[in-house]
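One structure below.
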Amino acid sequence: MARIVAGIGSSHVPAIGAALDNGKTEEPYWKRVFSGFEKSQAWMRETKPDVAIIVYNDHASAFSVEMIPTFALGCAAEFPPADEGWGPRPVPVVKGHPALASHIAQSVILDEFDLTICNKMEVDHGMTVPMNLLFGKVDKNAHWPCLVIPLAVNVVMYPPPTGHRCYMLGRAIRKAVESYPEDLKVVIFGTGGLSHQISGPRAGLINSKWDKNFLDNLSKNPQKLVKIPHIDYMREAGAEGIEMVMWLIMRGALDDKVDEVYRFYTVPASNTAVGHIILANRSRAARKSAAKSKRPAGKIKRAAALAKADRVRS
Ligand SMILES: [Fe+2]
């Protein structure tokens with residue numbers, strides 16, 4: 001059966017993609033950001049997922065403001081990078097997993113989460129920037145190292161879904177994945193945030209205390225996060241801080257108790273707080289999957305412990 005082995009939280013700041021695409025990763029400002037993902041890329045190379053479910057929000061690329069689905073699942077065979085005003089990013093076309101995506105759609109819709117099904121969709125920086133941060137730079141004529149199922153969430157026009165709704169959708173996605181018969185190793189990303197506001201009198205707002213508390217609870221006590229109302233996100237984390245509800249879909253798809261493999265936090269990137277976390281499932285199914293990878297599960301656990309000891313807290 002398919003199984004979710006880990007969840008990844010990552011900001012998706014568009015300027016990070018621009019820095020990568022324009023060869024600025026060694027500049028001190030950007031090196032501070034990219035160096036925080038080096039251990040994560042090593043972890044990803046070891047983990048070798050077959051499929052990544054990537055929860056992100058579209059920034060008026062695939063959906064205009066004329067039509068904004070609350071939850072939209074990508075069921076296509078491929079998802080081209082969107083032109084966000086400067087031409088498409090020089091990254092490979094994202095290859096999907098239509099069979100698993102359709103299975104997830106059926107399972108969660110029958111569980112009363114009414115997803116929009118997208119059989120054709122372009123994807124923007126909300127998805128491709130976290131992919132670069134976790135998979136590294138990939139030539140646009142090459143292939144991303146795993147298949148991807150995009151899940152776009154409306155956090156751009158009020159009302160977005162509640163944190164609790166997101167968390168429960170994560171639970172339903174996990175149930176769907178675990179009822180898929182093929183033996184697949186799956187990871188799930190929650191992207192966006194952390195605190196930031198890009199316009200208005202509070203433009204540039206960053207609240208590191210809030211962000212770090214969010215990461216602590218995401219790791220150890222997610223139930224403290226699921227009841228946070230929208231207004232608290234907006235007051236404490238800025239208007240665009242509401243993107244953080246997407247991380248709760250990722251968290252809902254994991255075990256109640258998880259191993260925190262790695263964490264990174266730095267400010268700012270452009271005008272945004274960059275947050276990143278990797279949380280590994282402890283369940284028997286996840287361990288079984290880890291044991292099937294080339295590297296023994298024990299080594300993965302030791303690597304996780306070493307990474308945890310090295311955790312960057314800036
Ligand atoms: Fe965003």
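When a ligand or atom number is given, it counts from 1 through the structure's own listing order.
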Could you pull out all donor-acceptor pairs under 3.5 Å where a side-chain atom in residues 108-122 meets a protein atom, sequence neighbours excluded?
unit_1	atom_1	unit_2	atom_2	d
Asp111	OD1	Lys175	NZ	3.1
Asp111	OD2	Lys175	NZ	3.1

Name the atoms and distances for all side-chain donor-acceptor pairs under 3.5 Å in residues 155-163, with sequence neighbours left out.
unit_1	atom_1	unit_2	atom_2	d
Thr162	OG1	Arg165	N	2.9

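The list of ring-ring contact (aromatic ring centres under 6.0 Å, His included) pairs with a residue in residues 189-214, not counting sequence neighbours, reads Trp210-Tyr233.
With respect to Glu178 and Arg174, a salt bridge is recorded, a charged nitrogen being found less than 4.0 Å from a carboxylate O. At a threshold of 4.0 Å, the pair Arg282-Asp256 does not count as salt-bridged, since none of the basic side-chain nitrogens sits closer than that to a carboxylate oxygen.
Taken to the nearest 0.5 Å, the CG atom of Leu194 stands 4.5 Å off from the CG atom of Asp211.
Around the Fe ion (ligand 1), the protein atoms of type N, O or S that sit closer than 2.8 Å are His12 NE2, His59 NE2, Glu243 OE2.
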